[in-house]
Amino acid sequence: MMEQAAPTAWLWVATERVTGEEVGLVGLVTREGMPEIGSIIVSPQQGKGYAYEALACIRDEGFRHLGLAAQFGCQLPVNHRSIGLMHKLGFDQVPGHPDRIHWHLSRATWAEGLGSSVG
Ligand SMILES: CC(C)(COP(=O)(O)OP(=O)(O)OC[C@H]1O[C@@H](n2cnc3c(N)ncnc32)[C@H](O)[C@@H]1OP(=O)(O)O)[C@@H](O)C(=O)NCCC(=O)NCCS
């Protein structure tokens with residue numbers, strides 16, 4: 001998916017800056033034409049801000065360098081950690097999906113409020 005001429009996934013291993021320890025897998029995966037942002041942080045490293053730090057960089061990379069028009073997200077309503085994370089990343093909840101929570105962030109919304117906040 002990452003090596004196609006037009007990639008449908010952009011994934012990174014997140015590492016701790018000082019030790020180089022691998023803490024998770026983060027990135028964007030396109031489903032039905034919609035690039036979805038997501039992360040998995042290994043259990044002992046959760047709650048330390050790694051997912052937010054990594055996904056804020058990926059969100060900005062997606063708009064600045066990958067040229068995405070919008071980014072999306074999706075998770076189960078019971079995944080409270082991920083829901084808090086998506087809010088903190090500035091995504092808007094899309095109504096009308098009771099079984100899954102869907103998220104959307106347009107390039108315009110990002111550029112207005114978030115584009116200059118993270119390098
Ligand atoms: C969801 C997940 C990626 C969060 O990773 P993390 O590194 O622990 O998250 P962070 O420490 O960066 O926290 C970012 C925000 O997430 C939310 N969050 C994190 N842990 C939380 C918890 N235990 N309860 C509620 N919200 C939580 C908060 O909004 C938090 O911001 P805050 O610290 O300012 O309150 C991690 O729990 C995970 O890997 N879960 C399993 C995989 C998964 O569910 N991925 C998402 C599927 S779409």
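Read the numbers this way: they start at 1 and go in the same order the structure lists the ligands and their atoms. The residues of the chain are indexed from 1 along the displayed sequence.
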Identity and distance of the protein heavy atom lying nearest atom 33 (O) of ligand 1
K88 NZ, 3.9 Å

Does ligand 1 have an atom under 4.0 Å from some heavy atom of S39?
yes

Sequence neighbours excluded, the answer for side-chain contact (heavy atoms from CB on, under 4.5 Å) partners of H87 is I83, Q93, W103

Closer than 4.0 Å to some heavy atom of A51 - which atoms of ligand 1 meet that?
3 (C), 4 (C), 5 (O), 6 (P), 7 (O), 9 (O), 12 (O)

Is atom 13 (O) of ligand 1 close to the protein, meaning a heavy atom under 4.0 Å from it?
no

Just which atoms of ligand 1 are under 4.0 Å from any heavy atom in Y50?
7 (O), 12 (O)

With sequence neighbours excluded, residues passing salt bridge (charged side-chain N to carboxylate O under 4.0 Å, His left out) with R107
none

Of the side chain and backbone of Q46, name the one, both, or neither that has a heavy atom under 4.0 Å from an atom of ligand 1.
both

Distance-only donor-acceptor check, side chains Q75 and S82, under 3.5 Å:
yes

Can you check whether a protein heavy atom sits less than 4.0 angstrom from atom 35 (O) of ligand 1?
no

For E22 and V42, which heavy atoms make the closest approach, and how far apart are they?
O-CG2, 4.5 Å

Check step by step if salt bridge (Lys or Arg N to Asp or Glu O under 4.0 Å) holds for E53 and R17.
CA-CA 12 Å; E53 184 179 345; R17 277 207 178 92; 2.9 Å; yes

Considering only heavy atoms, does N79 approach ligand 1 within less than 4.0 Å through its side chain, its backbone, both, or neither?
side chain

